[in-house]
There are 2 protein chains.
Amino acid sequence: MESKDLRNAGLKVTLPRVKILEILETSKARHFSAEDVYKLLLESGEEIGLATVYRVLTQFEAAGLVTRHHFDTGHSVFEMNLGNHHDHIVCVKCGRVDEFFDETIEKLQHDISEKAGYKMTDHCLYIYGVCEECQKLE
Amino acid sequence: MESKDLRNAGLKVTLPRVKILEILETSKARHFSAEDVYKLLLESGEEIGLATVYRVLTQFEAAGLVTRHHFDTGHSVFEMNLGNHHDHIVCVKCGRVDEFFDETIEKLQHDISEKAGYKMTDHCLYIYGVCEECQKLE
DNA sequence: ACTTAAATGAAAAAGCTTCTCATTCTTATT
DNA sequence: AATAAGAATGAGAAGCTTTTTCATTTAAGT
């Protein structure tokens, strides 16, 4: 029922938007560059322009459907909002992204906030490194 | 004694590198885009090409003299490394920034990287919240 | 000073992303 | 269903930041 999501977001139900939402929801990957989405669309037989992909992803971000990440890879990466919090570990060589969740770190952040007099609302943690594959290539 | 720093980094002591290091060390600001550095150089009467600024900043990063941040502004921001690693806690109301360092979080990040097969090179942690002052105003 | 390898500047090129504008499509209304 | 009005799209141009190229200049050791 993607069209519902689109309507709720105040967006007209157009083929590009439906298809892009479909890609984001059904692909195994979780993180997509605009280029990734564009290529997946081509693979599935949809001739949707790259400019439209950028436009739609930006609209989805504004509508809260996706989150845009600024990893150290030089380009934006988009991720569907599924509600389950997690942090990211990013390969600085190939751009691969893995997710992790650490209870202790989460708790420590609250402790730190409290000690600093802050009421914590959010956080953002990226670990950067070289992934297994890229280490082999060195 | 900037020339010492450059030599230690394995870099020839050239006028552009000395001047750029000077800018980074003596300006009040803490974060600089390449363009910022370029303009400050012009203001101080140095005609140094933008390409050189980029090259030098990249070399400084490789040498560990500066850190490159990727904010959501669309361009890189550079910051002098003052040796003391710390993370940031940012007030979402007034923009106040405090620094903190937590040994346990640092260690956990290494553990997580290892478990994920990554060789960790860096990390980036921001906590967002409402600071003491701003809580009073609510 | 001299030599050699490295650094620089200017301009071109390279990525990623946004903008322009003519055409097409969605949606609300007959 | 047909229509009208406005929004969305596609293709290419343009915009920005950053990197590369290459001829020229400069630093550092002999």
Side-chain angles (χ1 to χ4, degrees), chain A residues 2-23 31-42 44-63 65-78 90 92-95, chain B residues 2-23 31-42 45-63 65-78:
Chain A
E2 290 88 6
S3 38
K4 267 279 168 56
D5 296 334
L6 291 174
R7 276 181 210 290
N8 290 342
L11 297 169
K12 282 189 184 174
V13 179
T14 64
L15 188 130
R17 303 216 256 238
V18 170
K19 288 299 173 188
I20 289 172
L21 198 49
E22 219 170 276
I23 295 274
H31 301 92
F32 307 86
S33 67
E35 193 76 27
D36 291 337
V37 173
Y38 177 66
K39 282 180 186 159
L40 287 166
L41 286 168
L42 287 184
S44 71
E46 300 295 338
E47 295 275 341
I48 291 172
L50 185 53
T52 300
V53 174
Y54 273 103
R55 258 186 307 236
V56 169
L57 287 174
T58 301
Q59 291 157 350
F60 283 5
E61 184 194 12
L65 291 173
V66 306
T67 298
R68 182 196 301 252
H69 296 285
H70 296 276
F71 297 139
D72 281 9
T73 47
H75 57 258
S76 296
V77 172
F78 299 85
V90 184
V92 295
K93 296 276 184 193
C94 69
Chain B
E2 288 89 8
S3 40
K4 265 280 168 57
D5 296 334
L6 292 174
R7 276 179 210 292
N8 290 341
L11 298 170
K12 279 190 187 175
V13 179
T14 65
L15 188 129
R17 302 216 256 239
V18 170
K19 288 299 173 188
I20 290 172
L21 199 49
E22 219 170 276
I23 294 275
H31 299 94
F32 306 85
S33 68
E35 194 75 27
D36 291 337
V37 173
Y38 178 65
K39 282 180 185 158
L40 287 168
L41 286 168
L42 287 185
E46 300 295 337
E47 293 276 341
I48 292 172
L50 185 55
T52 299
V53 173
Y54 272 103
R55 258 186 306 237
V56 169
L57 287 174
T58 301
Q59 291 157 350
F60 283 5
E61 184 193 12
L65 291 173
V66 306
T67 298
R68 182 196 302 250
H69 296 286
H70 280 85
F71 297 141
D72 54 6
T73 47
H75 56 256
S76 296
V77 172
F78 299 85

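All heavy atoms count here, side chains included; hydrogens, waters and symmetry mates do not. All chains are named by letter (A, B, ...) in the order of the sequence lines, taking the proteins before the strands, and each is independently numbered beginning at 1.
The distance between atom CZ of B:Arg55 and atom C1' of C:dA7, rounded to the nearest whole Å, is 7 Å. Distance A:Leu50 CG to C:dG15 C1': 12 Å, rounded to the nearest Å. In this structure, A:Glu35 atom CD and C:dT17 atom P are separated by 9 Å, rounded to whole Å. If you measure from atom OH of A:Tyr38 to atom P of C:dC16, you get 14 Å, rounded to the nearest angstrom. The nearest whole Å value for the distance from the CG atom in B:Leu15 to the C1' atom in D:dT24 is 17 Å. If you take NE2 of A:His75 and P of C:dA14, they are 19 Å apart, rounded to a whole angstrom. The nearest whole Å value for the distance from the CG atom in A:Leu57 to the C1' atom in D:dT9 is 15 Å. Note: CG (B:Leu6) to C1' (C:dA7) measures 13 Å, nearest angstrom.
The side chain of B:Ala34 has D:dT18 as its nearest neighbour among C:dT8, C:dT27, D:dT18. The A:Arg7 side chain lies nearest to C:dT27 when the options are C:dT27, D:dT20, C:dC16. Comparing C:dT8, C:dT27, C:dA5 by their nearest atom to the side chain of A:Lys12 picks out C:dT27.
Residue B:Glu47 is in sugar-phosphate contact alone, with no base atom involved, counting any heavy-atom pair closer than 4.0 Å across all strands shown. Residue contacts for A:Thr14: at a heavy-atom cut-off of 4.0 Å it reaches the sugar-phosphate backbone alone, with no base atom in range. Among the protein residues, B:Ser33 comes within range of no part of the nucleic acid, since none of its heavy atoms lies under 4.0 Å from any strand. B:Ile48 comes within 4.0 angstrom of sugar-phosphate atoms only, judged by non-hydrogen atoms across all strands, and of no base.
The two residues B:Ile23 and B:Leu41 have their closest heavy-atom pair at CG1-CD2, 3.9 Å. Considering all non-hydrogen atoms of both residues, B:Asp36 and B:His31 come closest at OD2-O, 4.2 Å.
Side-chain N/O atoms of B:Arg17 include one lying less than 4.0 angstrom from OP1 or OP2 on C:dT8. The side chain of B:Tyr54 contributes an N or O atom lying less than 4.0 Å from OP1 or OP2 of D:dT18. Contact check, B:Thr58 against D:dT18: no side-chain N or O comes under 4.0 Å of OP1 or OP2.
When each of A:Thr52 and B:Val77 is assigned the nucleotide of DNA chain D bearing its nearest heavy atom, the one mapping closer to the 5' terminus is A:Thr52.
Counting only heavy atoms from C-beta outward, the side chains of A:Arg17 and A:Leu21 never approach each other to under 4.5 Å. Residues B:Glu61 and B:Thr67 fail the side-chain proximity criterion, which asks for heavy atoms closer than 4.5 Å.
Checking B:Thr58 against B:Arg68 by side-chain atom types alone, a donor-acceptor pair falls below 3.5 Å.
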